[in-house]
There are 2 protein chains.
Amino acid sequence: MLARVSTNPAFKRLPRAVREQQMLDAAVKVFSRRGYHAASMDEIAEDAGISKPMVYAYLGPKEDLFVACLHRECTRMIEAIAGAAAPDLPPDERLWRGLRAFFGFVGAHRDGWSVLYRQTRGEPPFAGQLATMRARMVEVIAGMLDDALRAQGREVRETDLEVIAYALVGASESLADWLADNPTADPEKTATRMMNVAWLGAGQLIEGAVWRPADG
Amino acid sequence: MLARVSTNPAFKRLPRAVREQQMLDAAVKVFSRRGYHAASMDEIAEDAGISKPMVYAYLGPKEDLFVACLHRECTRMIEAIAGAAAPDLPPDERLWRGLRAFFGFVGAHRDGWSVLYRQTRGEPPFAGQLATMRARMVEVIAGMLDDALRAQGREVRETDLEVIAYALVGASESLADWLADNPTADPEKTATRMMNVAWLGAGQLIEGAVWRPADG
DNA sequence: GCGTAACCTTACGCACGAGTAGGTATGCTG
DNA sequence: CAGCATACCTACTCGTGCGTAAGGTTACGC
């Protein structure tokens, strides 16, 4: 039988780098829809408009493919947040910018978020990878809190800071899930809500306190 | 070949109810260690000290078995938290008791927690089940906040409350994960930390505020 | 214009694990 | 002690999906 190349005149041979991105796009989409195990290499290949052996040739077996997805999405996200980083601002402003960048990213890459977090959490082979990245985030937040404390000449045990940071990261992840599930929801508004809980706490919220962004 | 029953004199025939619990224990253990897909029915059967067909006879196919695990662990947890519920207390006290019960449960049933949450999150067939339960928790928290607000004659849009509650639940889940991964960590202390973040927020924590339980 | 390398295909092997068929032992009831 | 329900086993079938072998097609350098 003839190859697809000659059957379909619209089909084009493409350089490796391009195909790889197409495959990763497809993989992220399928992984996020089906979950790691239920996603089949055949479906990913088909969705990428290419045949399975090409996927193996370029990106290796399933596990490597998933890690590649993880890596790409992770890098994008870190970049997005890093772009908003500004170490010399007051802590609430730093937190706010970080959150806004984070929720903005999730809102714009809902599939990516899903594959990155929801899938990875439960799968033992990848959970470690994710934990490492989360640890980096926790460290950043904890460092920020620590800075703020030292500026006042006070100190808190490191474990406490870490746990607090962990809670904040967890809350953000959950709201990100919520955002990913509610396509009509507004990332900016979600970030504001998260900022309110994180900064003011339930106690002050009940008493009517509100945190608002300084600009706009 | 002879049946195990006659080969091993120490082996005992047991009534269905007992075996079912043994199977569920084994299933929770294996599911939590391997993840839903990587867990094999053979391993679960072996771990339960029984043969595979018995598992199928009593608890049905893999999916049903997992749901059964989910159900049992879920019931246990709800019971544990419900036992600490006391609607007539001030909101901070209510939150505190709920958190303490929650972290106490997770600390005592780390496998159960793992199978309940970490696994379920990513697997499409079960995610709905979990979402329902989480929704119940969110509703409870949101209701509590709402009560506190109405008592002051104020009101907040329902979506806002829901999102805030969602964030609190998410933060608790994350700290529970952390707790499950750190066997040496103390559930009580973790609950206290969570309470501090949730109630006071990062802003007040930085300024040195501390929340402490009223009793003990 | 022609080889060679890169691109791309169809079609298969093979392992693994869910679920089952069919038969054996045991204890309870009369 | 017959009869019957229940607990329990070994040993299979069979689908599914990962990963690959072997071969066809197009572009590019000379």
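This is a predicted model, so every value here is computed, not measured. The chains referred to below are lettered A, B, ... by the order of the sequence lines, with proteins before strands, and numbering in each begins at 1.
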Distance in angstrom units between [X] [atom1] and [N] [atom2], rounded:
{"X": "Glu43(A)", "N": "dT16(D)", "atom1": "CD", "atom2": "C1'", "result": "14 Å"}
{"X": "Leu14(A)", "N": "dA27(D)", "atom1": "CG", "atom2": "P", "result": "11 Å"}
{"X": "Tyr56(A)", "N": "dT20(D)", "atom1": "OH", "atom2": "P", "result": "7 Å"}
{"X": "Ile50(B)", "N": "dG19(C)", "atom1": "CD1", "atom2": "P", "result": "19 Å"}
{"X": "Asp42(B)", "N": "dA15(C)", "atom1": "CG", "atom2": "C1'", "result": "14 Å"}
{"X": "Glu46(B)", "N": "dT10(D)", "atom1": "CD", "atom2": "C1'", "result": "15 Å"}
{"X": "Arg34(A)", "N": "dT16(D)", "atom1": "CZ", "atom2": "P", "result": "14 Å"}
{"X": "Leu59(B)", "N": "dA18(C)", "atom1": "CG", "atom2": "C1'", "result": "15 Å"}

Charged N to carboxylate O below 4.0 Å: is that the case for Arg121(B) and Asp177(A)?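 Yes, this pair counts.
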
Heavy atoms under 4.0 Å, any strand shown: does [X] hit a base, just sugar-phosphate, or nothing?
{"X": "Met54(B)", "value": "base"}
{"X": "Ala38(B)", "value": "nothing"}
{"X": "Ala45(B)", "value": "nothing"}

Assess whether one donor atom and one acceptor atom, taken from the side chain of Lys62(A) and the base of dG17(D), lie less than 3.5 Å apart.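 Looking at the base of dG17(D), it does not pair with any donor or acceptor on the side chain of Lys62(A) (distance under 3.5 Å).
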
Would the base of dT6(D) count as contacting Arg16(B) through its side chain, where contact means a donor and an acceptor less than 3.5 Å apart?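 Check fails, no donor-acceptor contact within cut-off.
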
Would you say Glu173(B) and Glu173(A) make side-chain contact, with heavy atoms under 4.5 Å?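 No, side chains not in contact.
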
Is the Lys NZ or Arg CZ of Lys62(B) less than 6.0 Å from the centre of Tyr36(B)'s six-membered ring, within 45° of the axis?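 Cation-pi check for Lys62(B) and Tyr36(B): passes.
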
What nucleotide among dA25(C), dA21(C), dG19(D) has an atom nearest to a side-chain atom of Lys52(A)?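 Output: dG19(D).
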
Output the single nucleotide from dC9(D), dA7(D), dC7(C) whose closest atom is nearest the side chain of Tyr58(B).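 Given the options dC9(D), dA7(D), dC7(C), the side chain of Tyr58(B) is closest to dA7(D).
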
Quick check on the 6.0 Å ring-centre criterion: do Trp113(A) and Phe102(A) meet it?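 Yes; Phe102(A) has its ring centre under 6.0 Å from that of Trp113(A).
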
For the aromatic rings, using the six-membered ring if either is Trp, is the centroid distance between Trp211(A) and Trp96(A) under 6.0 Å?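 Yes, they do, as the ring centres are separated by less than 6.0 Å.
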
Under-4.0 Å side-chain N/O to phosphate OP1/OP2 contact, Arg19(B) with dT6(D):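 Result: no.
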
